[in-house]
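To start, the structure under review is shown below, and the notes come after it.
Only a predicted model underlies this, so the values are computations on that prediction, with no experimental measurement involved.
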Amino acid sequence: MSTSRSACLAAVLLTLVFVVSGCASLPDTSTPEAIGSIGQEPAEQTAPPPAPGAEPSLLLRKFFEASTDPTDRHATARQYLTGERARTWDDAASTVIVDKVDFLIESRDDDVANYTVRTNRVGELQSGGNYEAQEGSFEFKVRFDRVDGEWRIADIPDGVMLDRPLFFKSYKNVALYFLDPSGTTTVPDLRWIPSRQDQVAAQLIGLLLGGPKPALVPAVRTQLGENVSLIGQITKADGRTSSVGVGPGGVRIDLQGVSELDSTNRVLLASQVIWSLANAEISGPYVLLADGKPLDDRYANGWTTADVADLNPLSKSGSDVGLHALRDGSLVAVRDTGVVATPGYFGSVRNVRSIALSNDGTLVAAVVDTGRPAPEPTNALMVGTYDGGAFPVAEGGTISRPSWAPRDGSAWAVVDGVRVTRAVRDRQTSQVSVVDVEADAVTSLGRISELRLSRDGVRAAMIIDGKVYFAVVVALPNGNYSLTSPRLVPIGAGSTATSLDWSSGENVVIARASSDVPVVLVTVDGARLEMLPNRNLTAPVVAVDATPTTEYVADSRSVFQLNNTDPPAERYWREVPGLSGIKAIPVLPG
């Protein structure tokens with residue numbers, strides 16, 4: 001990620017405290033690819049060979065540091081092992097990310113030392129640079145033998161263990177971009193690769209050619225299919241082979257297998273390549289060739305991001321609609337000088353509990369109080385136009401805040417915590433049909449209190465029994481949708497999520513039931529958690545809404561905003577102009 005958001009995340013490497021439960025050994029079921037071997041040059045070593053006279057505990061720490069360099073099957077790290085263990089150590093068995101590592105000595109004499117390593121497991125780096133968030137304790141034994149007067153590791157489990165700060169230092173978080181089913185939006189697929197910048201371009205293209213991660217395969221498209229491959233070496237735009245992707249000079253990429261693509265699909269292919277490179281800090285011009293000839297004659301001298309701006313993953317969908325708020329049960333538009341009632345039904349009633357605007361601001365979905373006592377349905381889902389009328393489409397004891405899909409004009413909501421519905425409005429007839437989403441994979445996990453669709457429509461972020469999950473939205477052949485591949489995302493031990501929203505396709509902002517750190521931001525792969533400032537906030541924070549540049553929250557007093565472009569020293573929550581001193585809920589399109 002190369003945006004201001006990713007820069008902020010890279011600056012804040014935080015240590016999470018996870019619940020410790022049970023013990024485990026290094027897993028031996030996965031077989032990650034050697035993702036550091038794609039580049040043309042060896043990576044710089046991150047740790048020197050063993051220092052003479054190093055004690056076992058120091059030797060072990062340096063071994064873990066050396067393990068961040070995957071070059072030549074972790075050749076540097078193997079120098080810390082005895083000759084026999086260096087030959088048999090299977091570094092490809094797994095790559096586990098850990099936190100808070102403790103070394104406990106069990107026994108020692110002049111020739112043998114035995115240690116126990118105890119730590120917290122926070123993630124695993126899987127095939128293709130995919131990060132899988134995990135939590136739990138992690139314990140294993142290590143034996144040291146003295147060889148020719150020096151300590152070496154004689155017994156240690158197979159697989160690589162990386163301390164989280166070293167992992168963040170040695171690996172780079174990048175986004176591959178694929179396409180939503182309609183081909184109108186780019187969808188991020190986060191990966192982790194060794195961080196040497198002159199190898200990033202080759203690794204990105206290699207991973208793009210390998211396709212999306214398995215969970216995303218049924219939900220996205222790619223123009224770099226299995227028949228597409230790279231011709232020769234990626235170079236700078238002028239053909240130079242050194243420092244590719246470093247500084248100015250652009251890149252030159254020649255592909256084969258794209259001759260059947262028409263001009264529209266060639267632009268889509270270029271969008272995938274260019275945004276993947278640009279957001280990894282690889283600048284243009286991007287000279288893209290097909291079998292040695294320009295991919296598109298219009299850009300024979302190279303593409304720029306402006307040429308594929310329509311598929312910019314950070315474009316601000318709905319930015320023209322402006323900030324709204326839910327105040328005293330009514331929808332209001334926020335102006336610098338105050339708030340004004342919106343035209344139509346939703347600006348005139350006083351019984352709205354939660355509300356959502358479509359991306360273009362023309363449609364509204366809201367949960368309203370029916371005024372009926374339980375066990376009668378106390379909530380109704382209303383759908384209507386911004387400046388016109390509305391009618392009920394569903395009822396229930398509870399209904400989650402609606403969320404608008406970006407493409408088909410449907411409003412999603414969860415009825416009674418277990419029924420995920422889509423209210424689809426026909427723009428020609430204004431008729432609304434309500435269809436249940438296939439959601440057994442997520443409803444089996446518990447009761448859903450919040451569901452927010454990503455702006456590309458390919459993922460859903462949910463709060464289920466106070467925990468945060470991400471799922472993939474798959475379009476089915478019958479026109480319906482399914483929520484698949486739910487993944488739990490740790491947000492801090494003992495923390496309960498109360499509200500969430502997407503700030504971009506890669507990041508979700510979460511309000512927690514915590515007075516110390518009430519708002520956090522987490523990446524969609526769960527690898528990074530940023531604790532946002534708490535200055536000026538008064539718990540509890542009851543609602544959050546976000547854009548790629550700004551987060552909005554409602555606390556116990558008012559509505560506040562956090563500007564991500566502010567310098568770190570000046571980055572704190574400020575009251576929203578027009579909502580100063582007003583208790584309300586911020587409302588953005590989506």
Side-chain angles (χ1 to χ4, degrees), residues 5 8 12 14 322-340 350 352-357 366-367 369 398 400-403 449-452 461-463 466-468 489 491-504 507-522 529-566 568-590:
R5 163 63 64 207
C8 176
V12 184
L14 297 166
L323 178 66
H324 287 67
L326 179 59
R327 181 193 182 193
D328 296 332
S330 181
L331 180 66
V332 296
V334 180
R335 307 286 186 260
D336 288 343
T337 55
V339 298
V340 296
R350 296 292 182 268
V352 178
R353 298 183 187 270
S354 64
I355 197 164
L357 298 171
V367 179
D369 184 350
T398 63
S400 67
R401 173 172 56 146
S403 183
S449 59
E450 182 100 311
L451 184 150
R452 304 294 293 164
M462 296 164 291
I463 299 175
K467 299 178 180 180
V468 174
V489 179
I491 60 168
S495 298
T496 299
T498 58
S499 180
L500 53 72
D501 194 40
W502 295 85
S503 63
S504 69
N507 303 303
V508 171
V509 184
I510 303 163
R512 310 189 304 175
S514 168
S515 57
D516 295 332
V517 186
V519 188
V520 299
L521 182 141
V522 66
L529 180 91
E530 178 188 351
M531 298 184 180
L532 298 185
N534 62 0
R535 182 179 172 186
N536 290 343
L537 295 183
T538 303
V541 174
V542 297
V544 61
D545 221 329
T547 72
T549 60
T550 310
E551 285 87 31
Y552 297 88
V553 299
D555 72 355
S556 62
R557 298 180 295 119
S558 188
V559 178
F560 292 83
Q561 66 183 36
L562 185 69
N563 190 337
N564 299 317
T565 61
D566 286 342
E570 300 176 14
R571 193 163 175 255
Y572 57 89
W573 296 95
R574 296 178 171 89
E575 283 194 274
V576 175
L579 290 175
S580 179
I582 296 176
K583 292 193 68 173
I585 302 295
V587 177
L588 293 166

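Side-chain contact between V509 and V519 is present, with at least one heavy-atom pair separated by less than 4.5 Å. In this structure the side chain of V587 reaches within 4.5 angstrom of the side chain of L357, judged on heavy atoms. For the pair P518 and P540, the minimum side-chain heavy-atom distance is 4.5 Å or more. In this structure, the side chains of W573 and R535 stay at 4.5 Å or more apart for every pair of heavy atoms.
Residues passing the side chain to side chain contact (heavy atoms under 4.5 Å, CB included) test with V339 are R327, V332, V334, L579, sequence neighbours excluded. By the side chain to side chain contact (heavy atoms under 4.5 Å, CB included) test, T498 pairs with A511, A513, sequence neighbours left out.
Side-chain polar atoms of S499 and E450 form a donor-acceptor pair below 3.5 angstrom. Defined by atom type and a distance below 3.5 Å, a donor-acceptor pair is present between the side-chain atoms of E551 and N564. For the residue pair S558/E575, the side-chain donor-acceptor check at 3.5 Å is satisfied.
Comment: D328 does not engage R350 in a salt bridge, judged by the lack of any side-chain N to carboxylate O separation of less than 4.0 angstrom. A salt bridge is defined here as a Lys NZ or Arg NE, NH1 or NH2 lying under 4.0 Å from an Asp or Glu carboxylate O, and E530 with R571 meets this definition. In this structure, D566 pairs ionically with R574, as a charged nitrogen and a carboxylate oxygen lie closer than 4.0 Å. A salt bridge links R401 with D545: at least one charged nitrogen is closer than 4.0 Å to a carboxylate oxygen.
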| request: Please test M462 against V468 for side chain to side chain contact (heavy atoms under 4.5 Å, CB included), starting from the C-alpha separation and ending with a verdict. | output: CA-CA 6 Å; M462 296 164 291; V468 174; over 6 Å; no
| task | Could you please spell out the steps behind the side chain to side chain contact (heavy atoms under 4.5 Å, CB included) verdict for L323 and L588? | result | CA-CA 6 Å; L323 178 66; L588 293 166; 3.7 Å; yes
| task | Walk me through it: do L331 and V352 pass the test side chain to side chain contact (heavy atoms under 4.5 Å, CB included)? | result | CA-CA 8 Å; L331 180 66; V352 178; over 6 Å; no
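Checking L529, N507, V508 one by one against L521, the side-chain contact (heavy atoms from CB on, under 4.5 Å) holds for a single residue, N507.
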